Amino acid sequence: GPAGAAPAVAEPATTTCCSASSTPGTRTAAPRRRAGGGRRDARIGALRGAVHELQHQHVDRRARLLTHPEHLRAAVREQEELVLVRHRHGGDVVDHDALQRMGHLHRCVKETLRLHPPSLMLLRHARRSFVVRTRGSGDAEYEVPAGHTVASPMVIHNALPHVYEDAGSFDPGRFGPAREEYRAYAADHTYTVFGGGRHACVGEALSR
Ligand code: HEM
């Protein structure tokens with residue numbers, strides 16, 4: 001942004017997160033100043049964190065596959081078939097195109113990330129006040145005052161019961177063509193492992 005303008009990226013929680021209030025428009029904490037830093041610092045931080053996230057994600061994925069032998073078998077079979085076909089045609093056995101075709105493995109990765117998001121929450125700094133409406137029993141409205149930092153925990157929105165069937169179970173098939181569970185509500189950011197909006201993860205394709 002222009003020199004002197006406030007950075008657009010929110011830094012880690014420097015203001016109290018708005019808490020629930022049954023009365024619409026009730027303020028729950030006084031806005032406070034944010035710490036220094038800016039978009040560049042945030043990006044460097046994200047790049048540093050990315051390597052660790054890839055490592056964690058790798059460990060989680062192996063653990064999930066080891067405890068779900070049916071999915072491990074399907075992922076291995078998929079790779080064996082792919083390698084066999086490519087071998088017959090004299091092509092590169094594992095290239096970018098081959099990796100893209102490992103649909104079952106991708107669904108396992110996606111499902112593992114849904115259940116074990118390496119980044120625990122998205123943080124945003126509210127420049128203007130706005131109203132959030134909840135869904136389900138006891139619909140409520142909350143006003144987020146300007147200046148507050150909003151923490152949006154992934155373990156909650158990656159497990160919304162109106163989006164994900166039996167949300168606590170490891171079920172890669174939910175991302176298969178027959179179900180595509182999260183797509184129906186994609187506009188509501190219901191799969192947020194890689195963030196969303198203008199600051200969505202630039203390493204998403206690489207990570208997957
Ligand atoms: C499993 C691996 C990864 C996960 C789960 C992940 C997750 C995320 C999330 C949730 C955000 C958004 C943060 C926010 O909006 O507050 C983000 C941003 C970012 N990620 Fe990743 N990330 C991963 C891997 C990577 C890799 C491999 C790279 C680089 C090669 C990378 C580079 C970035 C950058 C530069 C941003 C900041 C984008 C911006 O602010 O405009 N990430 N990532």
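These figures come from a predicted structure and were not determined experimentally. Whatever order the structure lists ligands and atoms in, that order sets their numbers, starting from 1. In this chain, residues are counted from 1 in sequence order.
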Peer 1: Any chance you could pull the hydrophobic cluster mates of L122, using side-chain heavy atoms under 4.5 angstrom and chaining through other members?
Peer 2: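 Members besides L122, by chain and number: M154.
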Peer 1: Of all the atoms in ligand 1, which lie at a distance below 4.0 Å from a heavy atom belonging to P118?
Peer 2: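 The atoms of ligand 1 under 4.0 Å from a heavy atom of P118 are 5 (C).
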Peer 1: Would R114 and Y191 count as a cation-pi pair here, with the cationic atom under 6.0 angstrom from the ring centre and within 45° of the axis?
Peer 2: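 That pair does not qualify as a cation-pi contact.
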Peer 1: Could you check whether H157 and S152, counting side-chain N and O atoms only, form a donor-acceptor pair closer than 3.5 Å?
Peer 2: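 Judged by distance alone, the side chains do pair up.
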Peer 1: Any idea which of R124, E204, H199 brings a heavy atom closest to atom 16 (O) of ligand 1?
Peer 2: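 Heavy atom nearest to atom 16 (O) of ligand 1 belongs to R124.
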Peer 1: If we set the cut-off at 4.0 Å for heavy atoms, which region of M154 has an atom near ligand 1: side chain, backbone, both, or neither?
Peer 2: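 Contact part for M154 vs ligand 1: side chain (C-beta onward).
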Peer 1: What residues, two or more places apart in sequence or in another chain, satisfy side chain to side chain contact (heavy atoms under 4.5 Å, CB included) together with R128?
Peer 2: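 In terms of side chain to side chain contact (heavy atoms under 4.5 Å, CB included), with neighbours along the sequence ignored, R128 is linked to no residue.
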Peer 1: Which bit of C201 is near ligand 1, meaning a heavy atom under 4.0 Å away: side chain, backbone, both or neither?
Peer 2: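 The part of C201 near ligand 1 is both the backbone and the side chain.
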